[in-house]
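What follows is a short report on a single structure.
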Amino acid sequence: MHDSNIILINGYEHISFHQDAVYSGEKMTERSKAYFEWLDRRRSIRMFSDKPVPKAVIENLIRAASTAPSGAHKQPWTFCAISDPEMKSKIRVAAEAEEKESYEHRMSERWKKDLEPLGTDMHKPFLETAPWLIVAFKKVYEIDEAGQKHNNYYVNESVGIACGFLISAIHHAGLVTLTHTPSPMNFLGELLNRPAYEKAFILFPVGYAADEVYVPNIHRKPLEEVSRFYE
Ligand code: IYR
């Protein structure tokens with residue numbers, strides 16, 4: 001994609017960019033349709049098999065997520081990957097304690113009603129069953145060598161995009177996941193010993209779906225409902 005032709009622009013190194021491929025309109029339509037149909041087959045899964053997934057796969061998934069664009073290219077994320085059963089149990093216990101509080105006291109009746117079709121509750125066995133948990137942390141700020149604090153830019157957007165890339169990479173690898181957001185998530189930073197400037201963003205169990213899984217028969221909004229064209 002890049003050659004080694006380096007020039008200086010405003011004193012900063014730049015390399016020439018070559019677009020990977022240029023398709024005809026017809027080919028592009030076909031490819032974009034195929035990509036949509038492939039993404040459309042992704043489903044959030046809440047019941048996992050304990051079948052192992054090689055660490056090398058998880059490393060590649062994180063590499064893929066970390067190619068996301070980010071504010072001022074700060075790449076303000078850390079992905080923690082956990083396969084240690086003891087740590088997974090600790091995470092499950094802490095997550096279920098928060099979820100119990102949420103379901104019993106913190107979530108509105110309307111919110112719980114909205115979740116009814118998805119069949120979620122305070123029990124999160126997938127946190128122990130899935131072979132891997134990946135926790136995305138956002139780096140709200142960073143500390144330089146001089147101990148100086150620097151805020152990052154568009155942190156939620158950047159980490160949100162990276163998490164989208166991660167979900168797509170998981171799907172591409174033939175694995176499944178779930179965007180799990182126990183709230184509040186501070187216990188994750190504590191258990192995983194993350195520095196104060198990292199805040200847990202989303203937890204992804206990663207693995208294979210359990211043998212027999214049913215998912216809610218929900219439908220995606222059609223194009224007409226999610227778009228407006230200005231031609
Ligand atoms: N975090 C809780 C509740 C929950 C909230 C939303 I919004 C969902 O789409 C699904 C669940 C839980 O994980 O059960």
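Read the numbers this way: they start at 1 and go in the same order the structure lists the ligands and their atoms.
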* Any K124 heavy atom less than 4.0 Å to ligand 1 ->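 Under 4.0 Å: yes for K124.
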* **D121 touching ligand 1 at heavy-atom level, < 4.0 angstrom** =>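 Distance cut 4.0 Å: D121 passes for ligand 1.
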What's the shortest distance from [atom] to any protein heavy atom, and which residue and atom give it?
| atom | answer |
| --- | --- |
| atom 12 (C) of ligand 1 | E99 OE2, 3.0 Å |
| atom 3 (C) of ligand 1 | Y103 OH, 3.5 Å |
| atom 9 (O) of ligand 1 | L115 CD2, 3.6 Å |
| atom 7 (I) of ligand 1 | W111 NE1, 3.5 Å |

* Side-chain heavy atoms of R46 within contact of P125, under 4.5 Å ->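 Not in contact.
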* Hey, does R46 come in under 3.5 Å of ligand 1, counting only N/O atoms on both sides? ->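 In fact, backbone or side chain, R46 has no N or O that close.
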* Short list, please: which atoms of ligand 1 are under 4.0 Å from a heavy atom of H180? ->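 Close to H180: 13 (O).
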* Asked: Numbering the atoms of ligand 1 from 1, which are under 4.0 Å from a heavy atom of T181?
  ->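 Contacts of ligand 1 toward T181, numbered from 1: 1 (N).
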* Decide, yes or no, whether a salt bridge links K112 with E116 under the criterion of side-chain N to carboxylate O below 4.0 Å. =>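 No, this pair does not count.
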* Parallel, tilted or perpendicular: rings of W38 and H171 (30°, 60°) ->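 Aromatic pair H171/W38 classed tilted.
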* Look at the aromatic rings of F126 and F48 and report parallel, tilted or perpendicular, splitting at 30° and 60°. =>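 It falls in the tilted class, 30° to 60°.
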* **Between Q75 and S70, a side-chain donor and acceptor under 3.5 Å** =>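 No.
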* Determine, for F201 and K138, whether the Lys NZ or Arg CZ falls below 6.0 Å from the six-membered ring centre while staying within 45 degrees of the axis. =>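 Not flagged: K138 not positioned over aromatic ring of F201.
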* Show your reasoning for whether side-chain contact (heavy atoms from CB on, under 4.5 Å) applies to V57 and L175. => CA-CA 10 Å; V57 173; L175 298 169; 4.0 Å; yes
